[in-house]
Amino acid sequence: GLVGGSVPAPTAGRLPVIVSTRRLNSIGEIDHLSGQVTVGSGSTLGDVQRHATAAGWEYGVDLAARDSATIGGTVATNAGGIRVIANGMTRAQLVGIEAVLADGSVISHLGGMLKDNTGYDLASLLCGSEGTLGIITAVRLRLHRPAGATSVGFIGVSSYADALALVEVARSGGARVLAAEILDDTSMDRVCEAFNLPWPLRARAPFALLFELADGGDGSGFESLADHPAVLDDPVIALQASDRERLWAYREKQAEAFAELGVFHNLDVSVPLPRLAECAEQLRAEAAAMPGVVAYGVFGHLADGNLHVAIVDGDPDSYEVDRAVLECVARFEGSISAEHGVGRVKAAELHLCRTPAEIGAMRSIKAALDPAGLMNPGVIFT
């Protein structure tokens with residue numbers, strides 16, 4: 001994982017135990033009346049998506065690692081991905097959970113009732129807990145009706161601020177926005193070079209904004225955007241499935257593109273939307289000024305404030321680069337982790353975005369459910 005959440009901690013006097021849930025891969029029948037399905041935690045995201053699609057539904061979470069990420073893992077980290085603007089994070093899809101706690105007891109609440117005000121929401125508590133409170137074995141998921149035919153388009157803009165302005169226009173228009181992603185020119189150069197791809201826009205632009213719109217698949221959703229003063233050139237729009245996938249490849253291959261240069265600093269952060277443009281520009285400036293930098297990019301899920309910062313330098317094991325990025329984000333009142341969790345890597349920096357009272361409350365929950373500290377020690381908290 002990106003933050004070492006599944007790497008066992010060094011333990012004195014005992015061997016670490018690593019648990020795989022991949023064999024818990026059952027996927028139940030779709031409950032068409034409620035629009036829900038119960039699945040084992042070892043099922044992959046891709047398998048659940050295909051199961052839902054075959055039955056005329058959609059699962060609301062999608063990300064590039066769909067065929068390797070397990071549902072239990074996405075719940076444990078409250079994964080985000082490219083559909084958050086439309087459907088919310090994983091927690092918003094969760095209506096029930098089964099898990100084994102540290103004392104061996106099993107909690108199971110998989111009925112899927114949308115109205116159930118009988119105490120604490122244990123599913124929401126375990127979602128995002130990164131294995132520190134229990135081992136998730138099954139979940140009940142909310143499904144969505146398909147958005148219908150979609151259009152995907154790239155739009156060139158001059159700044160993050162202009163891109164955010166277009167997101168606001170798109171969201172107030174008639175088409176439903178399924179995704180809004182931003183790529184800076186350095187990220188675009190990297191993916192084009194790594195995979196021998198042409199620049200996707202007719203003319204080079206400082207930033208490329210990728211939209212996926214549920215507009216019947218005829219491109220009409222881009223009409224309200226084409227004449228906006230922030231748009232540098234006519235949008236490049238894909239209507240056919242193969243063309244949509246071709247445009248999405250520029251975004252989904254970003255991590256692979258930077259990895260072509262070796263191990264790199266890969267930071268997942270989020271910033272309040274009113275401060276995102278200023279923070280992103282500052283991150284780019286700091287990355288460009290770092291000694292030994294070979295390549296860098298600040299890209300990601302623009303509409304929900306989630307930025308990915310990729311920096312390739314001569315010392316990928318140095319934590320100074322990571323700390324500089326996280327401290328910059330904290331100055332803009334952002335989060336040190338948007339969708340990949342805290343893990344071990346960011347545990348020492350949790351204080352940058354959580355108050356002592358919040359951390360104390362989380363520690364109390366951890367102590368109550370796992371008093372011996374058996375479950376994923378060292379993750380989230382130092």
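As a basis for the values below, the full set of heavy atoms in this structure was taken, side chains included, without hydrogen atoms, waters or symmetry mates.
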Show your reasoning for whether side-chain contact (heavy atoms from CB on, under 4.5 Å) applies to Leu302 and Leu209. CA-CA 9 Å; Leu302 181 71; Leu209 178 60; 3.7 Å; yes

Applying ring pair (Phe, Tyr, Trp, His ring centres under 6.0 Å) as the test, list every pair that has at least one member in residues 152-176; sequence neighbours left out.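 Every ring pair (Phe, Tyr, Trp, His ring centres under 6.0 Å) pair that includes a residue of residues 152-176, provided the two are not neighbours, is Phe154-Tyr250, Tyr160-Phe207.
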
Has Glu168 got more than 12 heavy atoms of other residues, nucleotides or ligands less than 6.0 Å from its CD?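 Count not over threshold, so no.
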
Around atom CD of Glu327, are there more than 12 heavy atoms of other residues, nucleotides or ligands at under 6.0 Å?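 Yes.
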
Sequence neighbours left out, cut at 3.5 Å: what donor-acceptor pairs do the side chains of residues 107-116 make with other protein atoms?
residue : atom : partner : partner atom : Å
His109  : NE2  : Asp116  : OD2          : 2.6
Asp116  : OD1  : Thr118  : OG1          : 2.8

Please report the interatomic distance [atom1]([X]) to [atom2]([Y]), rounded to the nearest 0.5 Å.
{"X": "Cys328", "Y": "Leu352", "atom1": "SG", "atom2": "CG", "result": "11.5 Å"}
{"X": "Met89", "Y": "Thr74", "atom1": "CE", "atom2": "OG1", "result": "10.5 Å"}
{"X": "Ile155", "Y": "Leu225", "atom1": "CD1", "atom2": "CG", "result": "4.5 Å"}
{"X": "Glu278", "Y": "Ser159", "atom1": "CD", "atom2": "OG", "result": "12.5 Å"}
{"X": "Cys353", "Y": "Ile336", "atom1": "SG", "atom2": "CD1", "result": "4.5 Å"}
{"X": "Ser318", "Y": "Met290", "atom1": "OG", "atom2": "CE", "result": "9.5 Å"}

Show which side-chain atoms of residues 281-289 pair as donor or acceptor with protein atoms under 3.5 Å away, not counting sequence neighbours.
residue : atom : partner : partner atom : Å
Gln282  : NE2  : Glu286  : OE2          : 3.0
Arg284  : NH1  : Asp184  : OD2          : 2.5
Arg284  : NH1  : Thr186  : OG1          : 3.4
Arg284  : NH2  : Asp185  : OD1          : 3.4
Glu286  : OE2  : Arg331  : NH2          : 3.0

Kindly indicate whether the side chain of [X], heavy atoms from C-beta on, has any atom under 4.5 Å from the side chain of [Y].
{"X": "Leu210", "Y": "Ile182", "value": "no"}
{"X": "Val75", "Y": "Leu126", "value": "no"}
{"X": "Val157", "Y": "His228", "value": "no"}
{"X": "Asn306", "Y": "Asp268", "value": "yes"}
{"X": "Val37", "Y": "Asp31", "value": "no"}
{"X": "Ile71", "Y": "Leu141", "value": "yes"}
{"X": "Val312", "Y": "Val293", "value": "no"}
{"X": "Arg66", "Y": "Glu252", "value": "yes"}

Are Asp189 and Arg204 close enough for a salt bridge, meaning some N to O gap below 4.0 Å?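 Salt bridge present between Asp189 and Arg204.
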
So, Arg323 and Glu349, do they make that salt bridge, N to O below 4.0 Å?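 The answer is yes: the pair qualifies as a salt bridge.
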
Give a yes or no on whether the backbone of [Y] and the side-chain of [X] come within a donor-acceptor separation of less than 3.5 Å.
{"X": "Thr90", "Y": "Ala79", "value": "yes"}
{"X": "Thr382", "Y": "Ala348", "value": "no"}
{"X": "Ser364", "Y": "Gly360", "value": "yes"}
{"X": "Thr21", "Y": "Leu24", "value": "no"}
{"X": "Arg344", "Y": "Pro377", "value": "yes"}
{"X": "Arg202", "Y": "Asp234", "value": "yes"}
{"X": "Ser124", "Y": "Asp121", "value": "no"}
{"X": "Ser41", "Y": "Gly72", "value": "no"}
{"X": "His340", "Y": "Ser337", "value": "no"}
{"X": "Asp215", "Y": "Gly221", "value": "yes"}

Same cluster (ILVMFWY, side-chain, under 4.5 Å), [X] and [Y]:
{"X": "Leu2", "Y": "Val61", "result": "no"}
{"X": "Leu374", "Y": "Ile380", "result": "no"}
{"X": "Ile85", "Y": "Leu164", "result": "yes"}
{"X": "Ile237", "Y": "Leu201", "result": "no"}
{"X": "Leu101", "Y": "Val106", "result": "no"}

Should Leu350 and Lys346 be marked as a side-chain contact (heavy atoms from CB on, under 4.5 Å) after you check the CA-CA gap, both sets of side-chain angles, and the distance that decides it? CA-CA 6 Å; Leu350 184 61; Lys346 295 180 177 179; over 6 Å; no

With a distance cut-off below 6.0 Å to the six-membered ring centre and an angular limit of 45° from the axis, does Lys366 pair with Phe381 as a cation-pi contact?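 No - Lys366 does not lie over the ring of Phe381 by the 6.0 Å and 45° rule.
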
I'd like to know whether Leu326 forms a side-chain contact (heavy atoms from CB on, under 4.5 Å) with Val269, so could you lay out the CA-CA distance, the side-chain angles of the two residues, the decisive distance to 0.1 Å, and finally the verdict. CA-CA 8 Å; Leu326 300 183; Val269 297; 3.9 Å; yes

Those residues that, when tested against Glu130, pass salt bridge (charged side-chain N to carboxylate O under 4.0 Å, His left out) (two or more places apart):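 None.
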
Applying salt bridge (charged side-chain N to carboxylate O under 4.0 Å, His left out), name anything that partners Glu193, two or more places apart in sequence or on another chain.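 So Glu193 forms a salt bridge (charged side-chain N to carboxylate O under 4.0 Å, His left out) with Arg190.
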
Side chain to side chain donor-acceptor pair (under 3.5 Å) involving Asp47 - partner list, sequence neighbours excluded: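 Counting only residues at least two positions away or on another chain, Asp47 forms a side chain to side chain donor-acceptor pair (under 3.5 Å) with Thr44, Arg50.
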
Could you tell me whether the side chains of [X] and [Y] share a donor-acceptor contact shorter than 3.5 Å?
{"X": "Gln36", "Y": "Arg142", "answer": "no"}
{"X": "His51", "Y": "Trp57", "answer": "no"}
{"X": "Glu212", "Y": "Trp248", "answer": "yes"}
{"X": "Glu320", "Y": "His265", "answer": "no"}

Kindly assign one of parallel, tilted or perpendicular to the pair His308 and Phe299, based on the angle between their ring planes and the thresholds 30° and 60°.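 Answer is tilted, since the angle falls between 30° and 60°.
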
side-chain contact (heavy atoms from CB on, under 4.5 Å) assessment of Tyr59 paired with Asn87: CA-CA 9 Å; Tyr59 180 52; Asn87 302 320; over 6 Å; no

